[in-house]
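Everything on this sheet refers to the single structure shown next.
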Amino acid sequence: MAVAIPGIMGRMGKVLAQAIHEHDALTLAGGTVRPGSEFVGQDAGALILGRRCDAPIAASLSDLSSVSGLIDFTTPELLQSHLDWCVSAHVPAVIGTTGLNAEQKAAIGAAATQIAVVFAPNMSVGVNVMLQLLRVAAELVGEHSDIEVIEAHHRHKKDAPSGTAVRIGEVLADSMGWDLDDVAVYGREGITGERPHRQIGFETIRAGDVFGDHTVLFAADGERLEITHKASSRMTFATGAVRAMAWVQGKPPGLYGMDDVIGLD
Ligand SMILES: NC(=O)C1=CN([C@@H]2O[C@H](COP(=O)(O)OP(=O)(O)OC[C@H]3O[C@@H](n4cnc5c(N)ncnc54)[C@H](OP(=O)(O)O)[C@@H]3O)[C@@H](O)[C@H]2O)C=CC1
Ligand SMILES: O=C(O)C1=N[C@H](C(=O)O)C[C@H](O)C1
């Protein structure tokens, strides 16, 4: 199965190319870069893997051939064009891009009526296990705790809070029977007044080369429960993404998550 990587020279694009190269069932069909890029026409294998592998870098997905799937870790602005291309080519997509608005998330759902799509803001196994732990913790101690989400990422990250933090908030709010839009507070400053119980605070750190740290604080009177995930390599996300790509092959049209790929309830 040959996989296309749009934005292949990006931080995740390069690691995805490596992970595909190392996967037994996947091969690299090639990737895209901005039109006019110095990398157009070069071989992705030679640039990223240190060996040619007949994986051209093009300015458009339509310039690639024999593509059987696409993994998208680029930008929200590119999402629709990538979804449209996958639908027209009748190939599945693995979408990891974050910072999506409601319209862009709906576009993924629309595409999933025609092709199989795996969409997850964090494709590491650890974060998806963390989400299961958070459901249990919220149900057991949420009523007696103030709940806060703290995330940290590298200085280059363009969206905030992280897509993982937003997903964590959705899981927490759902477990508490709350509407996230009603209870989320993104940063605090000034005279905020006392904190109500029905609130989920989000704090964002952007610094250094942090790959992705997420902590949920359940702060009660007399004790705190903290559940934390720390990524120490982008390969953890890429490994999850290529696992999803191999899993989604042959699946009927639909919207799937990492729970489906990993086999979590
Ligand atoms: N789901 C998950 O597990 C994970 C998700 N992510 C998400 O993946 C996304 C990418 O992250 P990251 O790799 O760090 O970001 P990068 O900026 O390094 O990669 C994005 C790539 O897309 C390219 N690009 C942007 N605009 C265009 C365009 N118009 N045409 C062609 N190429 C374009 C960029 O090229 P250029 O350099 O020229 O701008 C760049 O190579 C983010 O949304 C991030 O949150 C990241 C890690 C894990
Ligand atoms: O931009 C990143 O690097 C990451 N982004 C994702 C997010 O927004 O949650 C996933 C991971 O934390 C790395």
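All heavy atoms count here, side chains included; hydrogens, waters and symmetry mates do not. Numbering of ligands and ligand atoms starts at 1, following listing order.
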Polar pairs, ligand 2 vs protein, N/O only, below 3.5 Å.
{"from": "ligand 2", "atom 1": "1 (O)", "to": "Lys157", "atom 2": "NZ", "distance (Å)": "2.8"}
{"from": "ligand 2", "atom 1": "3 (O)", "to": "His154", "atom 2": "NE2", "distance (Å)": "2.9"}
{"from": "ligand 2", "atom 1": "5 (N)", "to": "Lys157", "atom 2": "NZ", "distance (Å)": "3.1"}
{"from": "ligand 2", "atom 1": "8 (O)", "to": "Thr98", "atom 2": "OG1", "distance (Å)": "3.2"}
{"from": "ligand 2", "atom 1": "8 (O)", "to": "Lys157", "atom 2": "NZ", "distance (Å)": "2.7"}
{"from": "ligand 2", "atom 1": "8 (O)", "to": "Gly163", "atom 2": "N", "distance (Å)": "2.9"}
{"from": "ligand 2", "atom 1": "9 (O)", "to": "Gly163", "atom 2": "N", "distance (Å)": "3.3"}
{"from": "ligand 2", "atom 1": "9 (O)", "to": "Thr164", "atom 2": "N", "distance (Å)": "2.8"}
{"from": "ligand 2", "atom 1": "9 (O)", "to": "Thr164", "atom 2": "OG1", "distance (Å)": "2.6"}
{"from": "ligand 2", "atom 1": "12 (O)", "to": "His153", "atom 2": "NE2", "distance (Å)": "2.6"}

For Met9 and Ser37: C-alpha separation, side-chain torsions, deciding distance, then whether side-chain contact (heavy atoms from CB on, under 4.5 Å) applies. CA-CA 10 Å; Met9 296 306 288; Ser37 163; over 6 Å; no
Counting heavy atoms under 4.0 Å, the part of Ser124 that contacts ligand 1 is neither
Is it true that the side chains of Thr215 and Thr228 contain a donor and an acceptor less than 3.5 Å apart? yes
Pick one of side chain, backbone, both or neither for how Thr75 approaches ligand 1, counting any non-hydrogen atom pair under 4.0 Å. side chain
Inspect the contact between Glu148 and Arg188 and indicate whether a charged nitrogen and a carboxylate oxygen are less than 4.0 angstrom apart. yes
Does ligand 1 have an atom that lies less than 4.0 angstrom from a heavy atom of Pro121? yes
So between Leu78, Asp159, Asn122, Thr74, whose heavy atom ends up nearest atom 20 (C) of ligand 1? Thr74
One finds that the ligand 1 atoms under 4.0 Å from a non-hydrogen atom of Met9 are 41 (O)
Gly99 touching ligand 1 at heavy-atom level, < 4.0 angstrom: no
Ser65: side-chain contact (heavy atoms from CB on, under 4.5 Å) partners, not counting sequence neighbours: none
Going by heavy atoms, is Lys158 under 4.0 Å from ligand 1? yes
A student comparing Val94, Val33, Thr98 should find that the heavy atom closest to atom 43 (O) of ligand 1 comes from Thr98
Do the side-chain N and O atoms of Asp209 and His154 include a donor-acceptor pair separated by under 3.5 angstrom? no
If you measure from atom 12 (P) of ligand 1 to every heavy atom of His153, Lys157, Arg11, which option wins on shortest distance? Arg11
Ignoring hydrogens and angles, state whether a donor on the side chain of Gln132 or Asn128 is under 3.5 Å from an acceptor on the partner side chain. no
Can you find a side-chain donor-acceptor pair between Ser162 and His153 that sits under 3.5 Å? no
